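Everything below concerns the one structure shown next.
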Protein chains: 2
Amino acid sequence: MSSPSTPARGRPSRIDRALTVRTALDLLDRSGLDALTMRRLADAMGVQAGALYRYYATKQELLTAMSEQMMEGVTASAVGTDDASWSERLATLAHALRKALLARRDGARVFAGTHSTGVGVLGFAEALVGILREAGFSDDDAALSLYTVANFTVGHTLEEQAATDPENGGTTGVEKLRNAVTSGSDYPHLNRALSALTSPDFDRNFAFGLDLLVEGLKARL
Amino acid sequence: MSSPSTPARGRPSRIDRALTVRTALDLLDRSGLDALTMRRLADAMGVQAGALYRYYATKQELLTAMSEQMMEGVTASAVGTDDASWSERLATLAHALRKALLARRDGARVFAGTHSTGVGVLGFAEALVGILREAGFSDDDAALSLYTVANFTVGHTLEEQAATDPENGGTTGVEKLRNAVTSGSDYPHLNRALSALTSPDFDRNFAFGLDLLVEGLKARL
DNA sequence: ACCTGAACACCGTTCAAGT
DNA sequence: ACCTGAACACCGTTCAAGT
């Protein structure tokens, strides 16, 4: 519980936990999650890979710290609208979560693969559940709504970042979809909806889904 | 376009595309996605790893075929309720998608990491968009709804399988969450909602979120 | 035509040994 | 106390060579 910390006896450390997450997030932005390896991260920090394990016991633990860092300040950024309605405050919070995930390359993938219990994540959960409880929803409905909003937002952002990642060369995914849908006559409905299907305005799409959820909540109140 | 197929000259092949996906899905169920390597799969098929590349150019292509296989028959399983209302038919379809992902260990992770354009996936999309278009929704709203329902379902099932996977030892995740929420007094709302938060009835949670979306759609019609 | 064998360029993680 | 060096047990993918 106090290996790389407190007194400061012996040699000063060249790296620490905070510098490691920061460098990892930088590397993530530059190269993407698949290229974020312990060896490359160590390289970027001028150290051998084994040295990282003095600060994070596993790569998974580092990824969790990265998620937590990404969520730092998300809740704070979504207040100030304290006089707004519960539905507006809920929507602001959801948009703030999406924005935080979009702020880093593969942010949604990193977040989806971890389960932080730090103040970033729990503060967000507290704020969202608080808004709904104070609006009159039951404890259960508030908890279920948290999961619904979070799962939708993460699922949506996962797709968005997969579709727009530089890794997945250009417009290849959309082109394959268009070809599959337009060749043959098996998908009449998809053909009619093709333009909305293949020119995905992600902002609009997210706002649409979030509005569905909010309207559903209003109907339940 | 015809390397491992058609005539049948030379030695008969010991493996093929269909057997490869089937064995891969079996291995997935037994060992999980992280243990599904090309070498282990080759072992299970009594062949060297390099041999697999005659049938699937990359592991990603194999994973896409696995996704497509998982989706085979999903749409068919969700009809028969042809006289039901559009909202019932939509819900049935969403439940069928979730069921298909839950049917395989790490099914949601496999599905989320691929973008099949086969009949399984596109047939599902066609059915969902068809239900909404015929119910009177615009082409755009039908397309946006497809993404919303799919993203919510995949996001939800991703969380569900992460929480229930044998890999993530027992109840560790829930215990950590409970400890973090109950220690200190930073999360009054989460404490009130703790039972619903930590004893997640996933069936109920999914039905709740889906109902929110459906109610939101009804309000929009 | 189909598969083997062996290699290439990597991984995450551990740990004795140096300073 | 902190980090290096080197190893362990793997990866995905390629490709000449055998049959």
Side-chain angles (χ1 to χ4, degrees), chain A residues 1-21 23-24 27-28 30-66 106 109-110 113-114 167-169, chain B residues 1-21 23-24 27-28 30-66 106 109-110 113-114 167-169:
Chain A
M1 216 35 143
S2 68
S3 298
S5 59
T6 9
R9 209 153 20 183
R11 295 189 194 301
S13 57
R14 307 215 303 263
I15 64 178
D16 59 29
R17 282 176 67 92
L19 181 60
T20 305
V21 224
T23 313
L27 190 54
L28 180 70
R30 286 203 306 276
S31 318
L33 182 56
D34 293 335
L36 177 64
T37 70
M38 296 302 267
R39 286 163 203 265
R40 280 205 250 238
L41 174 58
D43 259 17
M45 304 185 75
V47 91
Q48 294 294 315
L52 299 175
Y53 289 83
R54 212 158 275 279
Y55 301 93
Y56 292 98
T58 61
K59 185 181 183 180
Q60 184 60 33
E61 203 180 281
L62 171 61
L63 289 167
T64 303
M66 292 167 66
D106 292 329
R109 255 171 89 199
V110 172
T114 62
E167 200 94 334
N168 313 345
Chain B
M1 213 38 141
S2 66
S3 295
S5 57
T6 10
R9 208 153 21 183
R11 292 188 195 300
S13 57
R14 308 216 302 262
I15 62 178
D16 60 29
R17 282 176 67 94
L19 180 61
T20 305
V21 224
T23 313
L27 190 54
L28 180 71
R30 284 201 307 276
S31 318
L33 182 57
D34 293 336
L36 177 65
T37 70
M38 296 302 267
R39 286 163 203 265
R40 279 204 250 238
L41 174 58
D43 260 17
M45 305 185 74
V47 91
Q48 295 294 314
L52 299 174
Y53 290 83
R54 211 159 274 280
Y55 300 93
Y56 291 98
T58 62
K59 184 181 183 179
Q60 184 60 34
E61 203 181 282
L62 171 60
L63 289 167
T64 303
M66 291 167 66
D106 291 330
R109 256 171 88 200
V110 171
T114 61
E167 200 95 330
N168 313 344

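Just so it is clear: chains get the letters A, B, ... in the order the sequence lines come, proteins before strands, and each one is counted from 1. Remember, it's a predicted structure, so these values are computed and weren't measured experimentally. We use all heavy atoms of the structure for the numbers below, so side chains are in, but hydrogens, waters and symmetry mates are not.
Atom pair Gln48(A):CD and dC11(C):C1' shows a separation of 15 Å (rounding to whole Å applied). The interatomic distance linking Leu52(B) (CG) with dT13(D) (C1') rounds to 11 Å, in whole Å. The separation between Glu61(A) atom CD and dG12(C) atom P is 15 Å, rounded to whole Å. To the nearest angstrom, P of dC11(C) lies 12 Å from CG of Leu41(A). The CG atom of Leu33(A) sits 10 Å away from the P atom of dG12(C) (whole-angstrom rounding). dT4(C) atom P lies 11 Å from atom CE of Met45(B), rounded to whole Å. Distance, Met38(B) CE to dT14(D) P: 10 Å, rounded to whole Å. In this structure, CG of Leu62(B) is placed 12 Å from C1' of dG12(D), rounded to the nearest angstrom.
With sequence neighbours left out, the side-chain hydrogen bond (donor to acceptor under 3.5 Å, both in side chains) criterion links Ser13(A) to no other residue.
Annotation: the span from Lys59(B) atom NZ to Tyr53(B) atom OH amounts to 8.0 Å, rounded to 0.5 Å.
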> Based on Watson-Crick and G-U pairs with both distances under 3.5 Å, what dot-bracket line describes DNA chain C 5' to 3', crossing pairs as [ ] and inter-strand pairs as |?
Replying inline: ||.|||||...|||||.||
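At the phosphate of dT4(C), neither OP1 nor OP2 sits under 4.0 Å from any side-chain N or O atom of Tyr53(B). OP1 and OP2 of dC10(C) both lie 4.0 Å or more from every side-chain N or O belonging to Arg40(A).
A distance-only check finds a donor-acceptor pair linking the side chain of Gln60(A) to the backbone of Gly113(A) [under 3.5 Å]. With hydrogens and angles disregarded, no donor-acceptor distance shorter than 3.5 Å links the side chain of Asp106(A) to the backbone of Gly32(A).
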What side-chain donor-acceptor pairs closer than 3.5 Å can you find for residues 34-48 of chain B, not counting sequence neighbours?
{"unit_1": "Asp34(B)", "atom_1": "OD1", "unit_2": "Arg109(B)", "atom_2": "NH2", "d": "2.7"}
{"unit_1": "Thr37(B)", "atom_1": "OG1", "unit_2": "Arg40(B)", "atom_2": "N", "d": "3.1"}
{"unit_1": "Arg40(B)", "atom_1": "NE", "unit_2": "Ala35(B)", "atom_2": "O", "d": "3.1"}

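With both ends at atom P, the span from dA9(D) to dA9(C) equals 23 Å, rounded to whole Å.
For the pair Thr58(A) and Leu63(A), the minimum side-chain heavy-atom distance is 4.5 Å or more. Residues Thr64(B) and Tyr56(B) fail the side-chain proximity criterion, which asks for heavy atoms closer than 4.5 Å. Side-chain contact between Arg17(A) and Arg54(A) is absent, with no heavy atoms from C-beta onward closer than 4.5 Å.
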Show the distances under 3.5 angstrom between N or O atoms of the protein and N or O atoms of nucleotides 7-9 of chain C.
none

Tabulate protein N/O versus nucleotide N/O from nucleotides 15-19 of chain C, keeping only pairs under 3.5 Å, one per line.
{"unit_1": "dT19(C)", "atom_1": "O2", "unit_2": "Arg11(A)", "atom_2": "NE", "d": "3.1"}

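Looking at the side chain of Thr37(B), the nearest of the listed nucleotides dC3(C), dG12(D), dC2(D) is dG12(D). Considering only side-chain atoms of Tyr55(A), the nucleotide from dG12(D), dC3(D), dC3(C) that sits closest is dC3(D).
The two residues Ile15(A) and Leu19(A) come nearest to each other via the heavy atoms CA-CD2, 4.3 Å. The shortest heavy-atom contact between Leu52(A) and Thr20(A) is CD2-CG2, 4.2 Å.
Residue order along DNA chain C, read from the 5' end via each residue's closest nucleotide, puts Ala49(B) first among Ala57(A) and Ala49(B).
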